[in-house]
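In what follows, a structure is listed as structure tokens, so that the remarks can point back to it.
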Protein chains: 2
Amino acid sequence: MELRQLVYFEAVVRHGSFTRAAADLHIAQPAVSAQIRLLETELGVTLLTRTTRRIALTAAGELLLARAKRILGELDGVRDDVAQVGAVLRGRLAVGATEVLGTVDLGGALATFHRRHPGIALSLRTGLVAELLGGLDRGEVDLVLGPVHADLADRYTVRMLAAEDVVLVTPLGHPAGGLRDEPFVCLPPGSGLRAILHEAATAAGFEPAVPFEASGPGEIRALVSAGLGVAVMAGSTARSPGPPVRVVPLDQAPEHPGIGLLSRRGRRLSPAAAAFRQHVIHQMRPNVPSR
Amino acid sequence: MELRQLVYFEAVVRHGSFTRAAADLHIAQPAVSAQIRLLETELGVTLLTRTTRRIALTAAGELLLARAKRILGELDGVRDDVAQVGAVLRGRLAVGATEVLGTVDLGGALATFHRRHPGIALSLRTGLVAELLGGLDRGEVDLVLGPVHADLADRYTVRMLAAEDVVLVTPLGHPAGGLRDEPFVCLPPGSGLRAILHEAATAAGFEPAVPFEASGPGEIRALVSAGLGVAVMAGSTARSPGPPVRVVPLDQAPEHPGIGLLSRRGRRLSPAAAAFRQHVIHQMRPNVPSR
DNA sequence: GTCTATTACGTCGCCCGTAATGATC
DNA sequence: GATCATTACGGGCGACGTAATAGAC
């Protein structure tokens with residue numbers, strides 16, 4: 001059974017004539033006759049009685065006609081739907097992400113997303129969350145993945161993905177003791193981590209000295225590992241592979257902002273960005289029912 | 001878009017491999033690759049991402065897969081359903097009918113039924129209703145069309161189709177007057193018409209003389225037209241084309257049995273007979289909605 | 001090195017078109 | 001005689017198979 005046969009059959013019934021159907025289909029009449037004949041032979045029934053002047057549906061023909069219409073209709077629907085999804089599959093997507101993402105597997109997300117949407121050109125930009133939010137404002141990135149600080153401006157919308165904790169990291173073999181006089185490594189003033197450090201130190205009753213300024217979490221860890229000082233940082237980064245450091249849990253750990261998906265409020269996400277947002281959220285769910 | 005492409009695509013996804021799908025389909029792998037490629041080209045989207053070791057559905061592929069399964073499932077259903085109807089289309093059907101059928105167009109019914117069920121071999125047997133009922137008892141006919149008399153044995157089931165009236169027919173130019181001394185033409189004793197004649201005459205206070213016995217309604221009319229006598233008969237027969245007679249309505253016309261479809265109670269109708277029964281009943285309805 | 005998908009290429013099938021025949025009004 | 005469907009026959013497109021190539025583990 002071929003689609004062509006169903007199309008021809010429907011046309012013959014609709015026009016009530018092999019000749020008119022053939023004209024409508026832009027083919028010769030014998031082709032129509034042959035296909036109808038083949039269909040009848042395969043199904044083993046007569047579909048319509050020909051009287052050279054008029055055709056009439058048999059009971060089997062009536063049944064087939066109804067089913068054929070359904071099938072052909074669904075086929076048209078498939079073409080439309082796939083084309084619509086295809087439009088989403090096109091386009092560009094720029095994602096901004098900080099280094100510290102905790103349990104969020106950005107690499108895996110990008111890989112599976114690219115498999116599911118190979119037509120979308122992906123670009124990734126990393127940096128501190130403040131810089132990335134600036135890129136969001138300027139329309140340079142569609143979505144930002146990073147820590148969501150408490151003082152986040154309300155022109156952004158947030159979807160939380162994972163929690164994060166704060167730990168103290170020191171060089172290996174560094175004696176545990178008072179932190180008051182330790183040199184600290186931290187991000188530049190104005191960064192979220194710097195605020196966390198000050199908050200924690202103030203709670204402990206001292207002003208931290210920050211002689212070393214790093215430009216990213218990875219750098220902080222490298223500097224600490226080299227013995228230049230100590231630092232507070234996200235637990236996930238401290239525990240991930242990298243330069244060796246001693247990780248010390250904090251008794252009264254300040255709140256570290258969780259990792260979230262940020263977008264510009266009021267600016268509608270592109271279809272590609274919306275698809276990626278859903279994809280990341282879906283990936284965070286522990287049980288992923290594939291179908 | 002071809003059915004073959006949908007089948008191949010579904011097989012590839014189900015097996016998770018071009019090679020296994022090809023083996024299952026009993027074709028070579030390149031044929032599968034080519035068809036999937038054609039499908040993707042026509043739809044303008046990538047359906048699955050190949051990594052030579054594993055295939056993954058894209059979003060468009062997932063959508064198409066769901067639709068394809070529906071369509072292929074419906075196609076299987078069509079084959080089954082048509083085959084089932086095809087079984088009904090086969091077989092033999094023997095119909096018995098009396099001459100007098102009133103507004104029931106048996107010829108038309110047989111013609112349209114044959115157009116709708118060309119695979120059913122039709123046979124028609126005519127005669128008096130008593131004979132036909134005998135044929136029904138002996139299994140020689142599946143259905144009987146004819147007048148349904150009041151004394152019908154309850155081993156038959158009845159579906160009424162049309163009413164019938166009784167008229168008096170006389171030769172042309174015959175003077176209207178008392179019927180007491182007229183010679184009557186009628187069917188043999190025991191027939192339904194004979195009973196009707198006696199009932200009417202008794203009501204009028206006389207015993208009818210029946211010197212002429214005919215073997216069918218048409219014969220009655222011919223004998224009356226020839227001037228041999230008068231008769232009571234079904235109005236439809238009297239008014240239909242044939243030998244000229246004078247039709248006289250009766251003041252106190254006895255009830256003439258209506259025309260009905262008779263079958264043997266307890267004996268299940270063959271599929272062909274059931275279809276014909278429905279067909280005749282449907283044809284009797286004034287408005288015939290074709291779809 | 002093995003397994004898998006793609007590309008290359010030749011062959012066969014079948015769908016279509018033209019022409020002739022048959023049937024019905 | 002006109003119209004319509006069917007048969008007869010030839011050509012061309014396309015799907016399949018075999019073989020070779022490229023890529024992933």
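All of these numbers come straight from a predicted model, not from anything done at the bench. Atoms considered below: every heavy atom in the structure, side chains included; atoms not considered: hydrogens, waters and symmetry mates.
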Would you tabulate the nitrogen or oxygen pairs shorter than 3.5 Å linking the protein to nucleotides 19-25 of chain D?
from	atom 1	to	atom 2	distance (Å)
D:dA24	O4'	B:Thr52	OG1	2.8

Just the table, please: protein N/O against nucleotides 14-16 of chain D N/O, every pair under 3.5 Å.
from	atom 1	to	atom 2	distance (Å)
D:dA15	O5'	B:Gln35	NE2	3.2
D:dC16	OP1	B:Arg4	NE	3.4
D:dC16	OP1	B:Tyr8	OH	2.5
D:dC16	OP2	B:Gln35	NE2	3.4

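The two residues A:Ile27 and A:Ala31 have their closest heavy-atom pair at CD1-CB, 4.1 Å. Taking all atoms of both residues into account, the shortest heavy-atom contact from A:Ile281 to A:Arg159 is CG2-NH2, 3.3 Å. The minimum heavy-atom distance between A:Tyr8 and A:Val32, with the atom names listed, is CD2-CA, 4.1 Å. Smallest separation of non-hydrogen atoms from A:Ser215 and A:Glu219: OG-OE2, 2.8 Å. A:Val144 and A:Leu132 get closest at one heavy-atom pair: CG2-O, 3.7 Å. Of all heavy-atom pairs between A:Leu57 and A:Leu65, the closest is CD1-CD2, 3.9 Å.
Of the possible donor and acceptor atoms, one in the side chain of B:Ser225 sits under 3.5 Å from a partner among the backbone N and O of B:Pro244. At least one donor-acceptor pair closer than 3.5 Å links the side chain of A:His15 to the backbone N or O of A:Ala11.
Rounded to whole Å, atom C1' of D:dT6 lies 15 Å from atom CD1 of A:Ile55. For the pair A:Arg54 CZ and D:dT3 P, the computed distance is 17 Å after rounding to whole Å. The CZ-P distance, from B:Phe18 to D:dG17, rounds to 16 Å in whole Å.
Nearer to the 5' terminus of DNA chain C, by closest-nucleotide assignment, is the contact made by B:Arg20 (compared with the other of B:Arg20 and A:Gln29).
Contacts between residues 107-116 of chain B and DNA chain C, defined by a heavy-atom separation under 4.0 Å, are absent.
Partners of B:Ala234 under the side-chain contact (heavy atoms from CB on, under 4.5 Å) rule, at least two apart in sequence or in another chain, are B:Val100, B:Glu164, B:Ser236, B:Thr237, B:His256.
The span of DNA chain C lying next to chain A, judged by atoms under 4.0 Å from heavy atoms, is bounded 5' to 3' by C:dC15 to C:dT24.
Side-chain nitrogen and oxygen atoms of A:Thr19 include none within less than 4.0 Å of the OP1 or OP2 phosphate oxygen of D:dC4.
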If you apply the rule salt bridge (charged side-chain N to carboxylate O under 4.0 Å, His left out), what do you find for B:Arg116 with A:Glu62, and how did you get there? CA-CA 9 Å; B:Arg116 284 182 55 83; A:Glu62 235 169 50; 2.9 Å; yes
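Within 6.0 Å of CZ in A:Arg50 there are more than 12 heavy atoms belonging to other residues, nucleotides or ligands.
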Could you pull out every donor-acceptor pair under 3.5 Å between side chains of residues 76-97 of chain B and any protein atom, sequence neighbours left out?
from	atom 1	to	atom 2	distance (Å)
B:Arg79	NH1	A:Glu42	OE2	2.6
B:Asp81	OD2	A:Arg67	NH2	2.1
B:Arg90	NH2	A:Gly44	O	2.3

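In this structure, CG on A:Leu43 lies 8.5 Å from CD on A:Gln5, to the nearest 0.5 angstrom.
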